[in-house]
Amino acid sequence: MELKYDVVIIGAGHAGCEAATASAKLGAKTCLVTMDMNKIAQMSCNPAVGGIAKGQIVREIDALGGHMGEVTDQTAIQFRMLNRSKGPAMWSPRAQCDRNKFIWAWREVLENTPNLNIWQDQVKELLVENGQVTGVLTYLDVVIRARCVVLTAGTFLNGLMHVGRTKIQGGRCAEPPSLCLTESITRHGIKSGRMKTGTPVRIDGRSIHFDEMQEQPGETDFHKFSFMGEPRQLPQLPCWITYTNPQVHERLRQSLADSPLFNGQIQSIGPRYCPSIETKLVTFADKEQHQLFLEPEGTSTQEYYLNGFSSSLPIDAQVEALRLIPAFRDLQIYRPGYAIEYDFFDPTQLNHSLESKLVDGLFMAGQVNGTTGYEEAAGQGLVAGMNAALKCSGASPFIMHRDESYIGVLIDDLVTKGVDEPYRMFTSRAEYRILLRQDDADARLTERSFEVGLATKERFEHWNKKKEKIEEIISFCREYSVKAAYINEALPKLDTTPLERGCKLIDLIARPQLNLQNLSPFIPKLSELLNTLSDRKDEIKEAAEVRMKYAGYIMREREIADKMQRLEDIRIRGRFDYDTLLSLSTEARQKLKRIDPETLAQASRIPGVSPSDINVLLVLLNR
């Protein structure tokens with residue numbers, strides 16, 4: 001049997017789902033291949049979306065016209081805005097989700113997307129002719145012909161799970177690995193490696209003493225992920241906090257000799273910022289306790305996820321250690337934690353479009369590029385799916401720069417620097433994070449996406465109405481004069497000092513204690529203006545306030561970004577034979593040749609390429 005499409009997506013995880021819908025919505029006839037339609041967008045580890053910097057990525061996906069944000073809002077059972085004590089550049093939304101409802105919400109999206117078909121099967125071979133992708137071959141011996149293929153196989157490529165000394169082939173618990181596909185790809189000169197990740201024990205809630213844990217409620221304000229759609233509908237459930245203790249640590253240490261991480265059984269590198277409990281014991285040997293978060297898996301299940309206790313120790317070690325925590329003394333589990341090793345491909349072999357430099361028409365996204373996390377995968381998947389469809393239509397690729405989005409930072413880091421451990425996004429990775437706030441993702445990206453054809457007209461008009469209201473508020477505050485005699489009586493009640501003389505309203509808004517809401521009772525015209533905000537008024541007020549309070553910082557960072565943009569505009573790919581440039585350092589010659597950067601700015605971000613090397617390239621370009 002032979003099927004024909006424009007784009008084939010391999011794998012229906014978070015990257016694959018975004019890639020498939022983006023490709024289809026841009027007009028490409030698309031096929032999404034998955035081994036199990038009941039595990040589409042499965043949350044293999046924690047059933048949560050967002051977090052530090054990850055939440056910004058999800059907002060960006062939504063602003064571009066992707067679906068992760070709206071699916072999260074539909075299935076959220078606890079929402080929190082992290083880093084509230086810090087500036088708005090650090091605010092990061094996070095939601096605990098109902099795992100099963102998340103799958104079915106995504107499946108509803110996929111099955112109702114025009115131009116998109118789902119094929120339940122497993123790909124075993126990439127078909128390539130003369131360096132050009134022609135399609136894939138499945139285990140059912142079906143040939144699916146396509147102009148472009150997007151690989152989003154997650155942890156399934158030669159996946160191997162570890163629980164103590166026990167090893168089981170699989171890409172996820174109780175699911176088979178993808179064999180042969182890695183070898184089918186590497187025969188075309190693409191380099192692969194091995195990485196490791198892990199997941200914790202799943203606990204039966206009926207065996208937990210919740211009264212001996214600290215409750216962590218969610219938030220019920222206006223915040224959510226999608227700039228559109230309905231407010232969150234599901235009941236909000238609490239998470240719970242407890243701690244390990246010296247007795248727990250001692251029991252775990254007794255089994256370290258059976259840990260695959262320390263007995264040589266696992267050689268690959270795991271995620272630095274999500275270490276296993278046994279790694280914590282070794283790395284932080286002086287600590288007597290580690291914080292654990294018990295998080296619900298859904299509204300109608302007793303299953304709980306134990307965040308902070310990722311482990312590949314033997315089952316008895318995991319269970320016996322946890323029963324030494326008072327709240328878990330009667331512990332019953334559904335399954336133990338385990339580690340998993342899998343194949344990935346060096347992402348410096350990709351262009352910024354996420355297309356392979358070695359095989360025309362092959363795109364890669366997600367953990368196959370060395371990243372970790374649903375959000376990082378989904379962001380890459382959206383870009384890869386868009387660019388696969390654009391390639392089929394002969395259009396230019398959609399590329400985001402580092403001052404436009406966290407997704408742009410993520411992709412640039414991958415293709416420029418590569419990875420030596422699973423890559424996780426942090427706000428600290430972005431040099432322009434005051435420009436990349438969670439509140440303004442639509443301001444940065446919706447218009448660009450609409451021009452390409454992904455963001456709908458409805459989304460674009462929704463953003464334009466919001467933009468008009470934000471600018472109306474800022475203009476009013478900039479022009480409205482506040483007299484000291486009229487406002488001074490109210491200011492001490494709002495924990496701020498009285499005015500010595502009159503000022504513009506925007507100067508009052510700049511004070512940390514003041515905002516549009518608490519000033520409006522004392523400024524009738526402001527109250528009248530805010531009352532005209534019938535739709536998403538809280539979101540609009542917050543966006544306007546952030547822009548006013550941080551105007552100086554935003555302007556300064558914009559100027560810095562614009563200066564760097566000059567180097568982004570200088571294209572150097574194909575203009576140098578680096579082997580002959582002896583005025584460059586040896587390391588710079590080697591790395592510039594291997595990565596072959598597109599622009600001078602990208603070259604400047606390659607580790608080992610110094611400012612003096614960049615100056616040499618500038619001089620040569622002028623010649």
Side-chain angles (χ1 to χ4, degrees), residues 55-56 59 79-94 217-224 227 231-232 236 427 433-443 462-558:
Q56 282 89 328
R59 294 280 274 175
F79 184 95
R80 297 180 68 214
M81 183 67 74
L82 307 181
N83 277 344
R84 291 265 202 172
S85 62
K86 300 180 181 178
M90 308 295 284
W91 296 351
S92 302
R94 180 187 187 274
E219 300 172 1
T220 56
D221 67 4
F222 69 92
H223 287 107
K224 60 192 190 73
F227 290 98
R232 303 189 305 274
Q236 299 298 287
T427 52
R433 56 183 174 270
I434 194 69
L435 303 179
L436 306 182
R437 308 180 309 277
Q438 62 85 28
D439 65 271
D440 76 335
D442 51 354
H462 181 88
W463 154 241
N464 275 329
K465 290 177 184 177
K466 177 182 171 182
K467 179 171 71 171
E468 289 172 7
K469 289 297 182 181
I470 292 172
E471 291 174 350
E472 184 180 355
I473 292 171
I474 294 174
S475 178
F476 173 83
C477 294
R478 188 181 290 124
E479 296 170 5
Y480 187 84
S481 296
V482 180
K483 294 183 178 180
Y486 291 153
I487 198 70
N488 274 350
E489 184 179 348
L491 293 180
K493 298 176 184 177
L494 299 174
D495 297 323
T496 188
T497 56
L499 295 172
E500 294 183 3
R501 63 184 68 84
C503 68
K504 297 296 184 183
L505 178 54
I506 197 168
D507 296 322
L508 281 180
I509 295 292
R511 295 189 179 189
Q513 304 88 348
L514 303 180
N515 55 53
L516 293 170
Q517 190 64 38
N518 63 18
L519 281 172
S520 61
F522 308 103
I523 304 175
K525 287 191 176 180
L526 174 61
S527 181
E528 290 175 15
L529 176 60
L530 297 182
N531 286 336
T532 67
L533 305 176
S534 57
D535 184 36
R536 298 286 170 84
K537 62 180 180 179
D538 292 319
E539 183 180 296
I540 292 170
K541 285 189 297 184
E542 181 180 86
E545 280 177 11
V546 169
R547 282 178 53 181
M548 289 187 285
K549 285 180 179 290
Y550 295 88
Y553 297 101
I554 293 170
M555 184 182 301
R556 184 174 64 187
E557 200 155 276
R558 183 73 266 164

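Just so it is clear, the model here is predicted, and its values are computed rather than measured.
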Hey, what do you get for [atom1] ([X]) to [atom2] ([Y]), rounding to the nearest 0.5 Å?
{"X": "L499", "Y": "L508", "atom1": "CG", "atom2": "CG", "value": "5.0 Å"}
{"X": "R94", "Y": "F79", "atom1": "CZ", "atom2": "CZ", "value": "11.0 Å"}
{"X": "L519", "Y": "C477", "atom1": "CG", "atom2": "SG", "value": "8.5 Å"}
{"X": "L491", "Y": "F522", "atom1": "CG", "atom2": "CZ", "value": "8.5 Å"}
{"X": "F476", "Y": "L529", "atom1": "CZ", "atom2": "CG", "value": "6.0 Å"}
{"X": "D507", "Y": "M548", "atom1": "CG", "atom2": "CE", "value": "11.0 Å"}

Could you report the tightest heavy-atom contact between [X] and [Y], atom names first, then the distance?
{"X": "I523", "Y": "V482", "result": "CD1-CG2, 4.4 Å"}
{"X": "I470", "Y": "A543", "result": "CD1-CB, 3.6 Å"}
{"X": "Y550", "Y": "G87", "result": "OH-CA, 4.0 Å"}
{"X": "H223", "Y": "E542", "result": "NE2-OE2, 2.8 Å"}
{"X": "L514", "Y": "K549", "result": "O-NZ, 2.7 Å"}
{"X": "V546", "Y": "P88", "result": "CG1-CG, 3.8 Å"}

Between the side chains of [Y] and [X], is the shortest nitrogen-to-carboxylate-oxygen separation below 4.0 Å, so that they form an ion pair?
{"X": "R84", "Y": "D221", "answer": "yes"}
{"X": "E557", "Y": "R433", "answer": "no"}
{"X": "K469", "Y": "E472", "answer": "yes"}

- Report the C-alpha separation of Q56 and S92 in whole Å, then their side-chain angles, then the decisive distance to 0.1 Å, and conclude whether the side chain to side chain donor-acceptor pair (under 3.5 Å) test is met. CA-CA 6 Å; Q56 282 89 328; S92 302; 3.1 Å; yes
Which residues pass the side chain to side chain contact (heavy atoms under 4.5 Å, CB included) test with [X], sequence neighbours left out?
{"X": "S475", "value": "E479"}
{"X": "K537", "value": "L533"}
{"X": "H462", "value": "M228, D535, R536"}
{"X": "A443", "value": "D440, W463"}

- Do R59 and L436 have side chains that get closer than 4.5 Å, going by heavy atoms? no
- Any side-chain heavy-atom pair from P93 and L82 closer than 4.5 angstrom? no
- Are the side chain of Q236 and the backbone N or O of T220 linked by a donor-acceptor pair below 3.5 Å? no
- Message: Tell me if a side-chain donor or acceptor on D538 pairs with a main-chain N or O of F222 at a distance below 3.5 Å.
- Response: no
- Run the side-chain contact (heavy atoms from CB on, under 4.5 Å) check on L516 and L530 step by step: do they pass? CA-CA 8 Å; L516 293 170; L530 297 182; 4.1 Å; yes
- Could you go step by step and tell me if Y480 and K504 meet the side-chain contact (heavy atoms from CB on, under 4.5 Å) rule? CA-CA 6 Å; Y480 187 84; K504 297 296 184 183; over 6 Å; no
- Task: Check the pair K466, E539 against salt bridge (charged side-chain N to carboxylate O under 4.0 Å, His left out), reporting the backbone distance first and the verdict last.
- Result: CA-CA 9 Å; K466 177 182 171 182; E539 183 180 296; 2.9 Å; yes
- Message: Does R556 have more than 12 heavy atoms from other residues, nucleotides or ligands lying within 6.0 Å of its CZ?
- Response: no
- Item | From CA spacing to verdict: side-chain contact (heavy atoms from CB on, under 4.5 Å), W91, D439 | CA-CA 9 Å; W91 296 351; D439 65 271; 5.6 Å; no
- What side chain to side chain donor-acceptor pair (under 3.5 Å) pairs are there with at least one residue in residues 483-502, not counting sequence neighbours? T496-R511
- Query: So which pairs with a foot in residues 513-528 pass side chain to side chain donor-acceptor pair (under 3.5 Å), sequence neighbours left out?
  - Reply: Q517-K541
